[in-house]
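Each remark here refers to the structure printed beneath this line.
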Amino acid sequence: MTSYLTAPTAYPSRGKSLSPRETQVLACIAAGHTHLQTSRRLSISQSSVETYLQRIRVKLDAPTRADLIRAAVHLGL
């Protein structure tokens, strides 16, 4: 679980920083977890996971799940 607790990251081509929680959510999604699994792992609601993902999509200009995973790989998550 330590990899989910990384410091805030920036996606260089976009220049936007992710909060620590956004980084955790992105790492979970990139690891293949569902929204439900992510919510349980991070002790937050599923709607919070969805809200974080919306914010991440805007910050990283990543409209699809594949784009999110690609960004996570780029960020080393």
Side-chain angles (χ1 to χ4, degrees):
M1 179 131 168
T2 308
S3 65
Y4 295 75
L5 304 176
T6 58
T9 55
Y11 196 53
S13 64
R14 309 303 192 278
K16 305 247 179 159
S17 293
L18 297 180
S19 71
R21 183 58 100 187
E22 289 168 343
T23 301
Q24 292 170 338
V25 170
L26 181 58
C28 284
I29 296 302
H33 298 296
T34 65
H35 291 194
L36 177 61
Q37 292 167 329
T38 299
S39 69
R40 289 180 177 168
R41 184 173 294 265
L42 300 178
S43 300
I44 59 178
S45 70
Q46 284 188 54
S47 64
S48 291
V49 171
E50 292 167 11
T51 298
Y52 282 118
L53 285 173
Q54 287 174 347
R55 292 177 186 167
I56 294 166
R57 284 185 168 104
V58 169
K59 287 183 177 183
L60 302 183
D61 189 25
T64 68
R65 193 173 191 91
D67 291 328
L68 288 172
I69 294 169
R70 194 172 6 264
V73 169
H74 182 80
L75 294 168
L77 302 179

Quick check for you: to the nearest 0.5 Å, what is the distance between L26 atom CG and Y52 atom OH?
13.5 Å
Side chains of R57 and Q54 only: does a donor on one sit below 3.5 Å from an acceptor on the other?
no
Could you see if I44 belongs to whatever hydrophobic cluster contains L53? Use Ile, Leu, Val, Met, Phe, Trp, Tyr and a side-chain cutoff under 4.5 Å.
yes
Side chain to side chain contact (heavy atoms under 4.5 Å, CB included) with V25: of L18, I56, L68, only one passes, and it is I56
Restricting to side chain to side chain contact (heavy atoms under 4.5 Å, CB included), what partner residues turn up for S47, sequence neighbours left out?
S45
What distance do K59 atom NZ and S17 atom OG have between them, rounded to the nearest 0.5 Å?
7.0 Å
For E22 and R55, which heavy atoms make the closest approach, and how far apart are they?
OE2-CB, 3.5 Å
From Q37 atom CD to L42 atom CG, the distance as rounded to the nearest 0.5 Å
11.5 Å
Judged by atom type as modelled, is there a donor-acceptor pair below 3.5 Å linking the side chain of T38 to the main-chain atoms of T34?
yes
For the CZ atom of R21 and the OG1 atom of T51, what is their distance to the nearest 0.5 Å?
12.5 Å
Taking the side chain as C-beta and beyond, is there a heavy-atom pair between D67 and R70 under 4.5 Å?
yes
Rounded to the nearest 0.5 Å, the CZ atom of R41 sits from the SG atom of C28 at a distance of 5.5 Å
